[in-house]
Amino acid sequence: MIDLREGSCYPKSLMGVNVALASVDALIALLAFAQLMRIHSRNTHNGWTRQKVFHLMIGSSNLGYFLYFVLTIVAACKGWIGWSRSCGFVVMAFPKILFLAAFLLLLSFWVDLCHQPNDEEDEDDAYSPREALLEKNKPTSSADSRRRCCSFRAVKVGSRQKVVVLVTLLVFLLMLVAAVLIWIGRGRNPIDSSVVARVYVDLFAVAVLLLGVALACYGLVLLLKMSKLRSDRAASDMWKVAGLAGVSVLCFTSSAAVAIFTDIPLLFNWHGQKINGVCTSLLMVLYYFIGSSVPSAFVLWVMRELPPPLVTFGQQESRTIAFISDSSATVQPQRWTAAASVQNQVSRASPI
């Protein structure tokens, strides 16, 4: 059993904050994965759409934070030696990398839309950045749907999304190098583990701050372009873009400030030092809850709408036969095709 007496673990106020943050992240992860299953059940044949990828990354990031808070309490109370060397650093950094990657992906989609030409292009032309991680709706068999669900080979990734993947891999590699240096620095050598961790946290905080500024700038550009449109869908998307940009810049700025000017991200390396419980608890709430949980929850709220259920090949064939037997078949197909084309263009042009 874990001994919760004063002096054996964190102060009681800090312990309560850890439990509360772990509960919040567990709830967000549960909601993200549950919504992911609901989305997938409605359009299994589309493979990994943009909406599914965001739910997977947000859910995985918050699940990582939940494990971090739980393991931090257990490691502090059990006195795990390896936790303070490098294991705690890895568990702390990994969910933050997933969080960064999710919002980098959002930024890449916004950049695609901002640099998209205004004139209409032929849909049969070369690959469009609007279709990144999305595929056109077409009838497929159930076997093909299962294959596309379990495989990432069919996922189309734009050039800017490939940059996001590369940046994420580089940050992950940098984290592993820092973890190795922290582990080596625990021995008798000139490497200072605390300095290595401090440098990594500061560099990551600067990256998060720049990401917030970039989301704010491109969000403003998107708002200016969308303000020229006159439709209910455009007005709804404008509120979503404005909300995401505002939440990102405020939350990321506060999180980066706490990371740069305090040692809150390095509390995994706690060895019984005296801690101001109230001040540290408030800073933890500002860094983790405001800096990560609030943006994650806001993204899930923005993407809460379920995609429309899509018909299977057999259903579509039967409907087509019944449709052709109608006396107005000479006029209706053209209108139906035009409406479907417009709806498909609108769905791909959405910035969310």
Side-chain angles (χ1 to χ4, degrees), residues 10 13-14 16-29 31-32 54 57-72 88-107 167-168 171-172 174-175 197-217 219 242-270 275-276 278-302:
Y10 284 151
S13 59
L14 205 57
V17 173
N18 278 0
V19 173
L21 291 175
S23 302
V24 171
D25 289 321
L27 178 61
I28 295 176
L31 292 176
F54 274 110
M57 297 181 70
I58 293 297
S60 300
S61 175
N62 284 272
L63 179 60
Y65 277 122
F66 166 75
L67 294 176
Y68 168 72
F69 290 122
V70 172
L71 292 178
T72 297
F89 175 79
V90 172
V91 178
M92 178 273 297
F94 186 72
K96 198 71 175 178
I97 294 176
L98 292 178
F99 178 82
L100 178 71
F103 281 86
L104 280 175
L105 190 62
L106 176 64
L107 176 63
V167 171
T168 303
V171 175
F172 183 74
L174 177 62
M175 182 267 290
R198 181 75 262 175
V199 171
Y200 175 86
V201 169
D202 290 344
L203 291 177
F204 199 94
V206 172
V208 170
L209 182 61
L210 293 177
L211 176 59
V213 174
L215 285 171
C217 294
L244 280 172
V247 168
S248 298
V249 68
L250 291 177
C251 295
F252 292 177
T253 301
S254 61
S255 174
V258 172
I260 293 175
F261 297 108
T262 69
D263 291 330
I264 293 299
L266 304 177
L267 284 180
F268 67 90
N269 195 21
W270 182 77
I275 294 179
N276 187 337
V278 177
C279 181
T280 303
S281 299
L282 293 177
L283 290 176
M284 286 186 64
V285 171
L286 185 61
Y287 180 74
Y288 289 108
F289 180 74
I290 303 297
S292 298
S293 300
V294 170
S296 297
F298 193 80
V299 170
L300 295 182
W301 180 79
V302 168

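Only this structure's heavy atoms are used, side chains among them; waters, hydrogens and symmetry mates stay out. Starting from 1, each residue takes its place in the sequence as its number. Computed from a predicted model, the values in this text were never measured in an experiment.
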Compare all side-chain heavy atoms of [X] with those of [Y] and state whether any distance is below 4.5 angstrom.
| X | Y | value |
| --- | --- | --- |
| D263 | R198 | yes |
| F252 | V213 | no |
| L244 | V299 | yes |
| F66 | V70 | yes |
| V285 | S281 | no |
| L267 | T72 | no |
| V90 | Y68 | no |
| V249 | L215 | no |

Main chain of [Y], side chain of [X]: is a donor-acceptor contact present, judged purely on distance under 3.5 Å?
| X | Y | value |
| --- | --- | --- |
| S61 | M57 | no |
| T253 | L250 | no |
| S255 | C251 | no |

Side-chain H-bond candidate by donor/acceptor type, S293 with D25, under 3.5 Å | yes
Going from [atom1] on [X] to [atom2] on [Y], what distance comes out if it is rounded to the nearest 0.5 angstrom?
| X | Y | atom1 | atom2 | result |
| --- | --- | --- | --- | --- |
| Y200 | M92 | OH | CE | 7.0 Å |
| S296 | I28 | OG | CD1 | 5.5 Å |
| L209 | I260 | CG | CD1 | 6.5 Å |
| L98 | L63 | CG | CG | 10.0 Å |
| L283 | T262 | CG | OG1 | 5.5 Å |

Answer yes or no: are there more than 12 heavy-atom neighbours, outside F94 itself, under 6.0 Å from its atom CZ?
-> no
Closest non-hydrogen atom pair between [X] and [Y], with its separation:
| X | Y | result |
| --- | --- | --- |
| P265 | V201 | CG-CG1, 3.8 Å |
| G59 | A29 | O-CB, 3.5 Å |
| P295 | S292 | CD-O, 3.3 Å |
| Y287 | A259 | CE1-CB, 3.7 Å |
| A216 | A245 | CA-CB, 4.2 Å |
| K96 | F204 | CG-CE2, 3.0 Å |

Going through the distances and angles, do V199 and L203 end up as a side chain to side chain contact (heavy atoms under 4.5 Å, CB included)?
-> CA-CA 6 Å; V199 171; L203 291 177; 4.0 Å; yes
Derivation of the side chain to side chain contact (heavy atoms under 4.5 Å, CB included) call for V294 and F289 | CA-CA 6 Å; V294 170; F289 180 74; 3.8 Å; yes
Ring geometry between F103 and F99 (parallel below 30°, tilted from 30 to 60°, perpendicular above 60°) = tilted
Test side chain to side chain contact (heavy atoms under 4.5 Å, CB included) applied to L21 and Y65, step by step | CA-CA 8 Å; L21 291 175; Y65 277 122; over 6 Å; no
Taking it one step at a time, do L104 and L211 satisfy side chain to side chain contact (heavy atoms under 4.5 Å, CB included)?
-> CA-CA 7 Å; L104 280 175; L211 176 59; 3.7 Å; yes
Under the side-chain hydrogen bond (donor to acceptor under 3.5 Å, both in side chains) test, which residues partner Y288, sequence neighbours left out?
->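 In terms of side-chain hydrogen bond (donor to acceptor under 3.5 Å, both in side chains), with neighbours along the sequence ignored, Y288 is linked to no residue.
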